[in-house]
Amino acid sequence: MANKIQAIRGMHDILPPQIYLWQHVETAIRTLMHCYDYQELRLPIVETTELFKRSIGEVTDIVEKEMYSFSDRNGDGLTLRPEGTASCVRAAIEHGLLDTPRRFWYQGPMFRHERPQRGRYRQFHQLGIEVFGLPGPDIELELILLITRLWHNLGLKQLELQINTLGNPDERANYRNVLVTYLQQNYTKLDVDSQRRLQQNPLRILDSKNPELQDILTKAPILLEYIGPKSLEHLEQLKINLSACNINYTINPRLVRGLDYYTHTVFEWVNNNLGTQGTVCAGGRYDNLVEQLGGRPTTAIGLAMGIERIVAMLIDHNHVINANQLDIYFITASNTAQTQAFIISEQIRDKIPQIRIQVHCGGGSFKSQFKKADRNQARYAMILGDDELTRKVVGIKSLRDQNQQIEVSFLDLINWLQTHIMSQPPSNL
RNA sequence: GUGGCUGUAGCUCAGUUUGGUAGAGCACUGGAUUGUGGCUCCGGUGGUCGUGGGUUCGAGUCCCAUCAGUCACCCCA
């Protein structure tokens with residue numbers, strides 16, 4: 001085995017048993033989206049680099065140093081999508097989907113060239129939800145209720161909902177100036193990172209985890225004080241709605257999203273047990289992006305959820321998914337018997353499509369075949385030896401209780417299976 | 001991208017201090033029971049000790065580089 005090839009950094013295979021958690025999460029999402037009448041979109045994984053530059057913002061970390069960009073054969077600049085909103089907006093404009101309010105969702109891999117860490121990968125998976133044409137706090141309430149229900153359905157607790165508003169672009173720009181002036185007065189007290197961000201994205205400084213900065217930051221001007229009455233009224237209405245629906249939340253005046261396009265309401269669910277990558281779901285309103293990307297002015301709001309982080313939380317909660325167990329493991333004594341077992345199995349599948357049967361392959365003694373049956377957690381072993389074959393019966397042995405092994409004739413088999421297997425729920429192991 | 005810690009069988013780990021030809025448990029597999037699983041007992045397969053170089057008579061062990069994981073920062077889902 002000459003130098004073996006391994007998966008590239010930060011990109012992971014998802015295998016059993018974890019795959020069952022993924023399927024569980026994906027099913028929960030699909031069901032919920034269906035119930036709230038959101039429509040699924042399948043979007044390309046590769047887009048023009050220009051799309052992300054124009055939507056996420058030229059001076060963000062994502063665009064500056066985290067994108068997987070390359071030249072297509074004809075020289076076009078392409079990029080593996082680092083997030084989904086841009087693609088979704090592009091598609092909505094391109095296909096004329098913005099004539100009326102629309103609710104969309106999508107799911108799939110995203111790519112960012114960051115240093116991998118638990119809960120942060122170079123290929124990771126997101127659920128994205130985007131709603132177009134609804135400007136009010138009502139749709140914000142709906143999204144929060146929807147996600148809250150998802151947590152409930154997945155059995156996830158200890159998620160804290162944080163909310164803030166960034167106001168409209170004018171208010172935000174105004175605040176930005178005030179903040180920059182304040183921070184410049186304290187320039188020497190800032191750390192190197194924050195000094196750099198002062199030029200590029202000063203709002204992010206508010207998010208700094210450096211304890212030495214906390215004093216300066218708590219005394220910094222507060223965004224909410226520079227927000228106009230209309231924007232404040234928007235936030236107030238959302239707060240009233242949330243309280244009416246018994247949703248707990250905290251207002252976090254320092255909550256600033258990393259992407260340039262956000263306006264007004266932003267929110268995020270944080271889990272403190274996940275280490276530093278605690279944000280599990282985050283989103284906000286982006287009322288100007290559609291126009292920015294060449295569409296007619298259309299309000300929009302969206303959110304993104306990190307599937308890896310959800311799965312990590314489920315694992316932390318010791319959430320075990322029982323893969324449905326195998327109903328029948330078919331054991332045979334000879335090639336002739338095995339062929340007959342395949343024929344019988346197909347007849348069973350014709351009549352009972354949902355049944356799970358595996359015909360033993362690979363030979364071996366009865367003993368080793370029974371061992372396999374047991375390790376595959378089958379409920380029943382079905383035995384077809386030469387003796388049974390001539391008498392046209394199969395032996396059936398329950399592997400999960402002490403019931404005696406019985407014989408059932410080929411003719412009665414379907415009937416027997418329907419009454420004994422499909423009518424009884426599998427016992428949990 | 002910066003810094004700390006870790007890397008030995010499919011998995012969990014011992015062995016590293018004081019350099020001397022690679023170990024355990026689980027898993028897999030065969031047998032005890034020649035057509036019957038789970039429990040028990042006995043045997044077997046499986047490792048270029050992450051990779052590459054260096055020091056040495058000799059390196060899993062010491063040194064350097066590199067790759068990967070992990071934690072924190074940066075950033076973000």
Side-chain angles (χ1 to χ4, degrees), chain A residues 1-12 15 17 56 60-66 82-85 107-129 147 191-194 196-197 200-201 204-205 207-211 256-259 268-271 274-283 302-313 329 331-334 337 360 362 364-389 395-402 404-405 429:
Chain A
M1 201 164 52
N3 45 14
K4 60 184 168 192
I5 297 172
Q6 53 185 22
I8 57 186
R9 186 172 209 194
M11 306 201 180
H12 294 283
L15 310 171
I56 298 169
T60 56
D61 276 27
I62 290 177
V63 170
E64 278 187 337
K65 50 190 192 193
E66 293 177 1
E83 58 105 37
T85 301
Q107 189 196 11
M110 308 292 165
F111 302 84
R112 289 182 204 171
H113 193 105
E114 300 178 275
R115 183 108 164 210
Q117 199 173 320
R118 184 162 114 104
R120 190 177 72 187
Y121 306 98
R122 290 185 175 178
Q123 175 175 337
F124 61 103
H125 297 77
Q126 282 187 338
L127 160 69
I129 303 177
I147 295 296
D191 58 20
V192 181
D193 281 323
S194 296
R196 175 178 56 80
R197 278 182 295 192
Q200 304 198 329
N201 198 346
R204 296 285 317 171
I205 298 175
D207 247 358
S208 174
K209 287 169 196 157
N210 186 342
V256 175
R257 313 296 349 284
L259 282 52
E268 104 182 14
W269 279 268
V270 181
N271 166 38
L274 233 47
T276 183
Q277 310 300 330
T279 301
V280 158
C281 181
L303 61 84
M305 204 181 85
I307 309 288
E308 279 83 355
R309 292 180 186 182
I310 301 296
V311 170
M313 282 187 72
Y329 197 86
I331 289 170
T332 60
S334 63
H360 176 83
S365 64
F366 265 46
K367 180 188 174 63
S368 64
Q369 294 190 48
F370 267 98
K371 255 185 190 166
K372 265 268 161 25
D374 189 50
R375 304 224 165 127
N376 288 345
Q377 307 191 332
R379 296 169 66 193
Y380 291 92
M382 202 174 262
I383 303 111
L384 188 61
D386 295 330
D387 176 44
E388 286 87 351
L389 196 54
I396 297 177
K397 179 173 183 177
S398 172
L399 301 178
R400 300 292 153 231
D401 56 39
Q402 298 305 317
Q404 282 267 300
Q405 180 170 333
L429 294 177

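Computation of the quantities below employed the complete heavy-atom set of this structure, encompassing side-chain atoms and omitting hydrogens, waters and symmetry-equivalent molecules. Here is the naming used below: chain letters follow the sequence lines, and residue numbers restart at 1 for every chain.
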> Which residue, A/Gln117 or A/Glu308, contacts RNA chain B at a nucleotide closer to its 5' end, judged by nearest heavy atom?
Replying inline: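 The residue closer to the strand's 5' end, by nearest nucleotide, is A/Gln117.
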> Given that A/Phe366 and A/Gln6 both sit by RNA chain B, which one's nearest nucleotide is further toward the 5' end?
Replying inline: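 Counting from the 5' end, the first nearest nucleotide belongs to A/Phe366.
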Looking only at N and O atoms, is any donor in the side chain of [X] or the base of [N] less than 3.5 Å from an acceptor on the other one?
X: A/Lys397; N: B/U36; value: yes
X: A/Arg120; N: B/C75; value: yes
X: A/Gln377; N: B/G37; value: no
X: A/Arg309; N: B/C76; value: yes
X: A/Arg115; N: B/G3; value: yes
X: A/Asp374; N: B/G38; value: no

Would you classify [X] as touching base, sugar-phosphate or nothing, given that sugar-phosphate means primed atoms plus P, OP1 and OP2, and contacts are heavy atoms under 4.0 Å?
X: A/Lys209; result: base
X: A/Glu64; result: nothing
X: A/Tyr121; result: base
X: A/Ile307; result: nothing
X: A/Asn210; result: nothing
X: A/Gly278; result: nothing
X: A/Gly395; result: nothing
X: A/Ala333; result: nothing
X: A/Glu66; result: sugar-phosphate

> Is the aromatic ring of A/Phe370 within stacking range of B/U36, meaning centres under 5.5 angstrom and planes under 30 degrees?
Replying inline: yes
>> How long is the straight-line distance from CZ of A/Arg115 back to OH of A/Tyr121, given to the nearest 0.5 Å?
In response: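 Output value for this atom pair is 15.0 Å.
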> Can you tell me how far the CD1 atom of A/Ile331 sits from the NE2 atom of A/His360, to the nearest 0.5 Å?
Replying inline: 8.0 Å
> Does a donor on one side chain and an acceptor on the other come within less than 3.5 Å for A/Gln123 and A/His12?
Replying inline: no
>> Roughly how many Å apart are B/C42 and B/G25, using the P atom of each and rounding to a whole number?
In response: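 So the two P atoms sit 10 Å from each other.
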>> Rounding to an integer number of angstrom, what distance separates B/C71 and B/C62 when you compare their P atoms?
In response: 25 Å
> Between A/Ala337 and A/Thr332, which heavy-atom pair has the shortest distance, and what is it?
Replying inline: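 A/Ala337 and A/Thr332 have their closest heavy atoms at O-CG2, 3.7 Å.
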> Which pair of non-hydrogen atoms, one from A/Phe124 and one from A/Pro82, has the smallest distance, and what is that distance?
Replying inline: CZ-O, 4.0 Å
> Phosphate oxygens OP1/OP2 of B/U29: is one of them under 4.0 Å from a side-chain N or O of A/Arg375?
Replying inline: yes
